[in-house]
Amino acid sequence: MEYKDPMVELLSSLEHIVLTREVIQAAPALKGEVSIPEPKRIREITGMEIDEFALAMGVSVSSVKSWEAKRSKPSRSAQKLMQLIQSNPCLSRELLG
C-alpha cells in the first residue's frame, strides 16, 4: 500500500473545491485569460511577514520579493496554493505548522 502524505491529500482536496467553485463562478467571464493571484495582497490578508509567506509557499524570500515587484510570475503550483490561501487565509498558518 502506498503512503500518501495527509497534507498533500488535504491541499489537493481543497484545491479541487476552490478551483471548481471559481470555475463555476467565473465561467461566463473566461476568455482564455486567467488572473494571477497578487502575492503581496494575499500575504497582507494573512498578516504574514515576507519570510513567513515564503516558508508557507515553499520558496525563497527573494522569489516572493520578485513576485511582489512583478519581475517574475509564480509557478502554476504556487499560483494554485495562493488561490487556496486567498480562499482560506487560516490555511497559511497550517502550512507554517
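No hydrogens, no waters, no symmetry mates; every other heavy atom, side chains included, goes into these values.
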Test side chain to side chain contact (heavy atoms under 4.5 Å, CB included) applied to [X] - qualifying residues, sequence neighbours left out:
X   : value
S77 : S75
S66 : R71, S72
I50 : R43, V61, V64, K65, E68

**OP:** Apply salt bridge (charged side-chain N to carboxylate O under 4.0 Å, His left out) to E44 and list each qualifying residue two or more places apart in sequence or on a separate chain.
**Re:**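 For E44, no residue satisfies salt bridge (charged side-chain N to carboxylate O under 4.0 Å, His left out) once neighbours in sequence are set aside.
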
**OP:** Only counting residues at least two apart or in another chain, list the ones meeting salt bridge (charged side-chain N to carboxylate O under 4.0 Å, His left out) with K70.
**Re:**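 Per chain and number, K70 pairs via salt bridge (charged side-chain N to carboxylate O under 4.0 Å, His left out) with E38.
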
Original post:
Quick check: does any side chain N or O of S63 sit under 3.5 Å from a backbone N or O of V59, one acting as donor and the other as acceptor?
Top reply: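 No; zero donor-acceptor contacts below 3.5 Å.
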
Original post:
Counting N and O atoms only, with roles assigned by atom type, does the side chain of Q86 sit under 3.5 Å from a partner on the main chain of I42, one being a donor and the other an acceptor?
Top reply: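 Answer holds: no.
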
Considering all heavy atoms, the nearest [X]-[Y] contact:
X   : Y   : result
P74 : P39 : CG-CG, 4.4 Å
M82 : P37 : CB-CB, 3.9 Å
E52 : G47 : OE1-O, 4.3 Å

**OP:** Go through E49 and F53 one step at a time and tell me if the side chain to side chain contact (heavy atoms under 4.5 Å, CB included) criterion holds.
**Re:** CA-CA 6 Å; E49 297 295 324; F53 188 70; over 6 Å; no

**OP:** Evaluate side chain to side chain contact (heavy atoms under 4.5 Å, CB included) for Q79 paired with W67, printing each intermediate quantity in order.
**Re:** CA-CA 11 Å; Q79 291 176 36; W67 297 342; over 6 Å; no

